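Would you mind keeping the following structure in view while I ask a few things?
Quick note: numbers below take in every heavy atom, side chains included, and nothing from hydrogens, waters or symmetry partners. Everything quoted here is computed from the prediction, not taken from an experiment. As the structure lists them, so they are numbered: ligands from 1, and atoms in each ligand from 1.
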Amino acid sequence: MASIVAAVILLVLTRSKHVTAQVDPTFAASHSCNATCQAYTDTGLAFEASQHATTNDPFYTVSSNFTPDSQPGTILSIEAVTNLTNYTVPSGLTMSRFQYTTTNLNGTAVPASAYILWPYTPYIPSNSNSSSESKIPLVAWAHGTTGSGASCSPSNYQALQYNFIVPFPLALAGFTFVAPDYAGLGVSHFANGTRIPHAWLSSPSQANDLANAVLAARSAFPALSQDFVVMGHSEGGAASYAFAERQVHSPVSGYLGAISIGPLATPIKQVEAAFADPQDKFLQSTFSYQDMLIAAVTADYPAYNYSGFTDLGLKRWQILMEYGGCLPTSILLFADVNLATMVGQPGWYQDTTVQTWAARISSGGRPLVGPLLVIAGEDDTAVALETVEGAFNASSALSQNANQSMDLAVYQGLDHFPTIDGAHAKWMNWIKARFDGEVIASDGLHTSTFIEGPRLAGTKQSTLPNWLVQLPGPLDVWKTAL
Ligand SMILES: *[C@@H]1O[C@H](CO)[C@@H](O)[C@H](O)[C@H]1NC(C)=O
Ligand SMILES: *[C@@H]1O[C@H](CO)[C@@H](O)[C@H](O)[C@H]1NC(C)=O
Ligand SMILES: *[C@@H]1O[C@H](CO)[C@@H](O)[C@H](O)[C@H]1NC(C)=O
Ligand SMILES: *[C@@H]1O[C@H](CO)[C@@H](O)[C@H](O)[C@H]1NC(C)=O
Ligand SMILES: *[C@@H]1O[C@H](CO)[C@@H](O)[C@H](O)[C@H]1NC(C)=O
Ligand SMILES: *[C@@H]1O[C@H](CO)[C@@H](O)[C@H](O)[C@H]1NC(C)=O
Ligand SMILES: *[C@@H]1O[C@H](CO)[C@@H](O)[C@H](O)[C@H]1NC(C)=O
Ligand SMILES: *[C@@H]1O[C@H](CO)[C@@H](O)[C@H](O)[C@H]1NC(C)=O
Ligand SMILES: *[C@@H]1O[C@H](CO)[C@@H](O)[C@H](O)[C@H]1NC(C)=O
């Protein structure tokens, strides 16, 4: 008995060493964040730390073999077997992490990290013969917005952030899940100490991260299939859409198609729409991501230098970056700010550099390689259905895309994250069909389907995910009993 108590106390002490950054009051005060704002921010940072699987992990220090002329898709370091003690990954599944070289919007080499979630046994395509069975089907996943700070990398989270929404079910179904942390998240600095900024919604950049993570993973792990499907949601939905467009000029072999769920394909257009109609309930949340957009333009065009921010907006952003806060902290840090009027300068999105950036990063309206399955929620309050339809229609109207299969499935009444769950059977079967070798006719008919939910009124709805999968504390293991 005594030894159990001692072991428990030891565990408590060990875990309490999990120190959390606290906002320096002097710094915060000089950044227009009073005591209430500081307390909120500290709460956000502590919560995020409680969700991390690792802290100050040397895995995310840039590998010494990274050089500016390192080839995109090169493996820089491999952790073949990740210790899952601090992850909530289902039993049977295993994980690897690796560092690889990717490129930013201008094609400059940058290091980044990724994780692989391995199934216990692979999915066996229905038409396969024994020689192809030994390869494990690969799904490349583009995650949604996590934040722009150094610790906002999904590979560093206990539940990999999308947990039972996407990675766990796909790996449990026998797919190897290759998931880049986008450049700037995770591996956050070059060896000389220069910060690698995350260019949020710079979709061609995130499409590069996907492509290079696939190339690197296949070179490091020959057990992986050459064939792969790309899938993403929200920021990642735009990335997977951009990947289908990237295939036109920089094809990665083995591509079987892409799924894009709730893509924020034209973010600056959505900002314009929100300011034109500030009361539209589907555009309200747009105001909350102006900070990430202004920082993203600066990441891709450093000379822009955050000039869209108000003084208050810039100071709050500096706190967020100084302490490495992600989305939860960002929500609390800006809780006392009128997001529509106090973060960005009036009309900041009309600036020439912003518009140049918007034209480069938007997806939709370019030639692409299908099949492409776009999934949207009718009542998405983060990415308006109009945004998704606008991109789909623009791609659809291009004559070059006439022979590419493109489907849009709109789910009645569903919000941003519920759409992924509502469409679960659709995307799961679509992925299996690609590996089964089922061919979708490319007859120039781009279909749009409206899916009704007969029991819709009874479902839970929220802009945010309806899951929080956490490790039990050492004294709380009993809570994990049924
Ligand atoms: C798991 O978390 C504990 C407490 O933060 C830490 O001491 C330990 O090193 C971590 N283990 C691994 C394998 O990351
Ligand atoms: C902090 O500022 C907010 C408004 O920005 C105000 O509502 C609140 O009362 C202030 N709190 C303190 C302790 O000054
Ligand atoms: C994983 O890490 C834990 C400490 O967090 C350690 O006790 C355990 O031995 C490690 N497992 C392996 C296989 O290295
Ligand atoms: C079986 O696998 C081999 C090697 O991958 C391939 O050449 C052959 O076409 C496959 N046969 C069928 C029926 O799929
Ligand atoms: C640091 O290294 C990166 C990558 O090699 C380079 O792009 C950047 O200019 C360097 N920064 C400084 C201040 O030398
Ligand atoms: C990318 O190229 C543009 C010119 O096309 C340039 O203005 C910008 O500074 C470059 N961005 C970076 C991060 O070097
Ligand atoms: C960016 O603007 C700040 C003032 O807000 C200034 O101090 C800094 O020198 C500028 N940096 C560049 C690269 O223009
Ligand atoms: C897209 O096209 C469909 C079918 O023509 C139309 O009903 C819808 O209004 C269009 N949406 C947008 C945003 O262009
Ligand atoms: C059909 O797709 C191919 C690429 O797969 C492309 O080369 C060709 O131009 C397309 N045809 C038309 C009519 O757009």
Inset, instruction - Check the side chains of Trp357 and Asp300 for a donor-acceptor pair under 3.5 angstrom, ignoring hydrogens and angles. - result: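 A pair is found: one side chain offers a donor N or O, the other an acceptor, under 3.5 Å apart.
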Legend entry - Crowding at OH, Tyr40 (>12 non-hydrogen neighbours, <6.0 Å): no
Legend entry - Closest approach of any protein heavy atom to atom 14 (O) of ligand 7, naming residue and atom: Asn305 ND2, 3.1 Å
Legend entry - Under-4.0 Å heavy-atom contact between protein and atom 4 (C) of ligand 3: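 Within 4.0 Å: no protein heavy atom nearby.
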Inset, instruction - Compute whether any side-chain donor of one residue and acceptor of the other, for Glu48 and Thr329, lie under 3.5 angstrom apart. - result: yes
Inset, instruction - Take atom 10 (C) of ligand 3 and look for protein heavy atoms under 4.0 Å from it; say yes if you find one, no if not. - result: yes
Legend entry - Heavy atom of protein inside 4.0 Å of atom 7 (O) of ligand 2, strictly below: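 Under 4.0 Å from atom 7 (O) of ligand 2, zero protein heavy atoms found.
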Inset, instruction - Say whether Thr266 and Thr387, considering side chains only, have a donor N or O and an acceptor N or O under 3.5 Å apart. - result: no
Legend entry - Heteroatom proximity flag, Asn83 to ligand 3, N/O under 3.5 Å: yes
Inset, instruction - Provide, to 0.1 Å, the distance between atom 13 (C) of ligand 2 and the closest protein heavy atom, together with that atom's residue and name. - result: Thr36 OG1, 3.3 Å
Legend entry - Short side-chain to backbone donor-acceptor contact, Asp57 and Tyr60, under 3.5 Å: no
Legend entry - Asn34: numbered ligand 2 atoms lying under 4.0 Å from its heavy atoms: 1 (C), 2 (O), 3 (C), 8 (C), 10 (C), 11 (N), 12 (C), 14 (O)
Inset, instruction - Give the numbers and elements of all ligand 2 atoms closer than 4.0 Å to a heavy atom of Asp336. - result: 4 (C), 5 (O)
Inset, instruction - Please determine, by modelled atom types, if Tyr241 and Arg246 share a side-chain donor-acceptor pair under 3.5 angstrom. - result: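 Looking only at side-chain atoms, Arg246 and Tyr241 do not form any donor-acceptor pair under 3.5 Å.
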Legend entry - For Thr85, atoms of ligand 3 separated by under 4.0 Å from a heavy atom: 1 (C), 2 (O), 3 (C), 5 (O)
Inset, instruction - May I ask you to check whether Ser234 and His416 show a side-chain donor-acceptor distance below 3.5 Å? - result: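 There is such a pair between these side chains.
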